[in-house]
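Residue numbers count from 1 along this sequence. Just follow the structure's listing: the first ligand is 1, and inside any ligand the first atom is 1.
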Amino acid sequence: MKKLLITGGARLSGTVRIHGAKNSVLPVLAACCLCTSPCVLHNCPDIEDVRTALAILESLGCKARREGSTLCIDASGLSKFRVEKRLAGKMRSSILFLGALLARCGKAELALPGGCPLGERPIDLHVKSLSKLGARFSFEKGILQAAWRERSDGDVFLPRPSVGATENLLLACALMNGTVTLHGAAREPEITDLIGFLRAAGADIRGAGSGDITIRGVKKLHGATYTILPDRIETATYLCMAAGCGGDVALRRCDGRLLAPVIGCLREAGCEIRSVGSEIALKSSGKLTAVSPVTTAPYPGFPTDAQALLMAAVLRAKGESVFQETVFERRFLHVPELQKLGADIVLSGKTARVRGVAHLHGAMLRAEDLRGAAALITAGLLAEGESEVLGLSHLARGYENLEQNLKNLGAAIKSVDIPAPFVYNT
Ligand code: UD1
C-alpha cells in the first residue's frame, strides 16, 4: 500500500501525453462482447478499471491481450453470461456488461456494480428502459438476473440523460430485429465514441452526439480496429494543476473542443490557453482570480468529473468561486480534506463557496473517490510544505503514470510504502 508525499510550491513546466479516455474504453470493451471476430483497440490507458474490464472479459471466455496501448480482444469464444461479484464490485462500468450480454447471449447475470461512492447511484433507468424493450429482471442474493422475454422495438424515453443507461441501451439494441429510438440520450463524447466503435463493427446507429439516437438492429457484428478518443478529464486534470501552481505546459494528443467549459473557466481565472488540433498549451502565473459560478451539468455543460479539479485550482484565487453540483449528490467528498490545508470553503447542500486564501499549508489527506484524489494532489502541489495523500487505490482506477508525469513537469512528488501496521482503509 502506498501514499504520495508532495512538497508544494513548484511551478509545472513541460509536456504531457494524454491517454485514451477511461470512460470510452470501458464501454467499448463491453461492446467487444458483441463481436464474433477479433477487435483491435488503440490508445487504451493502462489503468485499474481497464484491467478489471479485461478480467471480466476473460472470465466470460474471451481472449484479451495488451501490446503497449493496444488491446486485442477476441470474444468469439464467449461462453458465460455471469459477471462475478469480485469483479463487478470493483467498478461502476461493470453494469455495461448487462446490455452487452443481453445482446450476445439473450441473458445476463451480474452482481451490483461498484465505483466511486458519489451517493445513490441507482440503475433504475437501465432496468426500466430495458424492461420497456422486453427484458425481464429478478434480483436474488445480490445478483441481478436479466433475460429477454418478448423483445419489442419502438421508442424509449430516458427521463434524465444517464451516460451508463444510454450505453447499456446502445449495447442491448445493436443486435436485434427491429428499430429502437432512444430519446433523452446522454450526449457525452464517450457515447459518440462507443457508437463509432459499434458502427465500425457493422452496427447501424444514427444520431450520435444528439439526444435522439436511432438503432436499427443487425444480425451480427464483426471485429473492428478502433482508436479510443483522448481522455478529456485527464486533460482537465493537468490543466487545473498547472493553472493553480503556475507554469507552462503543453498537453499532446488531446482534444480541447471536448473541454470548452473547463478551458473557459481557466481563461477567466487568468490563464493563457491555446488549443490547436490535438495540442493544448497553458501558461499561468499561478495568481488566479475567482471564476463565475460553475454549475455541473450533462455534456456539453461543465463536467461533474472536473468540479473537484477546478475547485482545487482556485483555492488561492482572488475572490469567491461558487460551485453547484447537480449531477451527483455526494460529490463534495474532497471539501473536508481541502479544508485541512487551510482552504476557505463553505458547503451548503449542493453548493460550495470557495474564498481564495493567500496561503495553503501541508496536511495529511485521504482521497475518497477518483477525481477527488486528483484534486487533493492538485491542492497539495499548491500548498506550502509537505502533504501526504492516502487513498491512492481510487487514483489507480483512472490515471496512468500521474506521478511520473508530475515529476517530469517539475513537481516534488513521490510515492512511498505505508508501513504495514498503518495500512488501514487506504
Ligand atoms: C458516467 C461516468 C462518470 C461521470 C458520469 C456523469 C463512466 C464510467 N462514468 O457515470 O465519470 O461522472 O457519467 O457524467 O462513464 N442515475 C439514476 N438512475 C440510473 C442511472 C443514473 O438516477 O439508472 C443518476 C445518477 O445517480 C446520477 C445521474 O443519473 O445522479 C447521472 O448518472 P450517469 O450519467 O448514469 O453516470 P454514470 O454512467 O454512472
Side-chain angles (χ1 to χ4, degrees), residues 20-31 45 47-50 52-53 56 88 90-100 110 112-132 135 137 144 146 156-172 182 184-194 211 228-229 231-237 258-259 261-262 295-309 324-334 350 369-375 394-395 397-399:
K22 167 178 99 66
N23 289 354
S24 264
V25 69
L26 296 173
V28 168
L29 284 171
I47 52 177
E48 195 54 36
D49 274 7
V50 169
T52 301
I56 292 175
K90 282 188 170 182
M91 63 171 184
R92 174 75 181 172
S93 292
S94 58
I95 191 66
L96 300 179
F97 285 88
L98 170 62
L110 302 100
L112 288 183
C116 290
L118 308 177
E120 275 294 298
R121 292 185 82 174
I123 52 166
D124 57 315
L125 300 177
H126 304 237
V127 169
K128 277 184 198 149
S129 49
L130 288 168
S131 301
K132 165 90 178 38
F137 288 87
L144 182 71
V156 177
F157 296 84
L158 281 177
R160 64 190 297 175
S162 158
V163 172
T166 302
E167 291 167 344
N168 249 333
L169 285 159
L170 285 165
L171 294 166
L182 183 52
R187 296 188 283 155
E188 268 65 4
E190 294 76 18
I191 288 172
T192 305
D193 215 29
L194 170 63
I228 300 297
L229 99 166
D231 196 316
R232 63 194 165 104
I233 306 302
E234 187 192 26
T235 310
T237 302
L258 309 179
L259 263 182
V262 177
T295 302
T296 63
Y299 192 84
F302 189 96
T304 172
D305 286 355
Q307 175 255 108
L309 303 167
Q324 202 185 2
E325 174 59 51
T326 70
V327 180
F328 287 108
E329 56 179 23
R330 287 187 72 220
R331 205 150 204 187
F332 284 134
L333 295 174
H334 47 284
K350 294 178 170 178
D369 65 278
L370 167 58
R371 304 306 168 186
H394 298 291
L395 201 69
R397 288 189 29 238
Y399 288 96

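For E167, no heavy-atom contact with ligand 1 is shorter than 4.0 Å. At a heavy-atom cutoff of 4.0 Å, ligand 1 is contacted by both the backbone and the side chain of D124. The proximity of T304 to ligand 1, defined as any non-hydrogen pair under 4.0 Å, is limited to the side chain.
One finds a salt bridge joining D305 and R331 here, because a Lys/Arg side-chain nitrogen approaches an Asp/Glu carboxylate oxygen to under 4.0 Å. Electrostatic pairing of K22 and E190 does not count as a salt bridge here, judged by no charged N lying under 4.0 Å from a carboxylate O.
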Inset, instruction - Please lay out, stage by stage, how E167 and H126 fare under the test side-chain hydrogen bond (donor to acceptor under 3.5 Å, both in side chains). - result: CA-CA 9 Å; E167 291 167 344; H126 304 237; over 6 Å; no
Inset, instruction - Before giving the answer on side-chain hydrogen bond (donor to acceptor under 3.5 Å, both in side chains), spell out for R232 and Y299 the whole-Å C-alpha distance, their side-chain angles and the decisive distance to 0.1 Å. - result: CA-CA 12 Å; R232 63 194 165 104; Y299 192 84; over 6 Å; no
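The closest non-hydrogen atom to atom 20 (C) of ligand 1, taken over P122, A21, G301, comes from P122.
Residue R160 has at least one N or O atom closer than 3.5 Å to an N or O atom of ligand 1. Between L26 and ligand 1, not a single N/O pair is under 3.5 Å apart.
When the side chain to side chain contact (heavy atoms under 4.5 Å, CB included) test is applied to A172, the partners found at least two apart in sequence or on another chain are L130, W148. Evaluation of the ring-ring contact (aromatic ring centres under 6.0 Å, His included) rule for F137 yields no partner, not counting sequence neighbours.
Against a heavy-atom cut-off of under 4.0 Å, G164 is close to the following atoms of ligand 1: 35 (O), 38 (O). The distance from ligand 1 to the heavy atoms of R331 drops below 4.0 Å at these ligand atoms: 12 (O). Against a heavy-atom cut-off of under 4.0 Å, R92 is close to the following atoms of ligand 1: 39 (O). Here is the list of ligand 1 atoms found below 4.0 Å of a heavy atom in S93: 8 (C). The ligand atoms of ligand 1 that sit less than 4.0 angstrom from a heavy atom of V327 are 27 (C), 28 (C), 30 (O), 31 (C).
Between L158 and S129 the shortest side-chain heavy-atom distance falls below 4.5 Å.
For the pair A186 and I191, the tightest heavy-atom approach, listed with the atom from each and the gap, is CB-CD1, 3.4 Å.
For Q307, the heavy-atom gap to ligand 1 stays at 4.0 angstrom or more.
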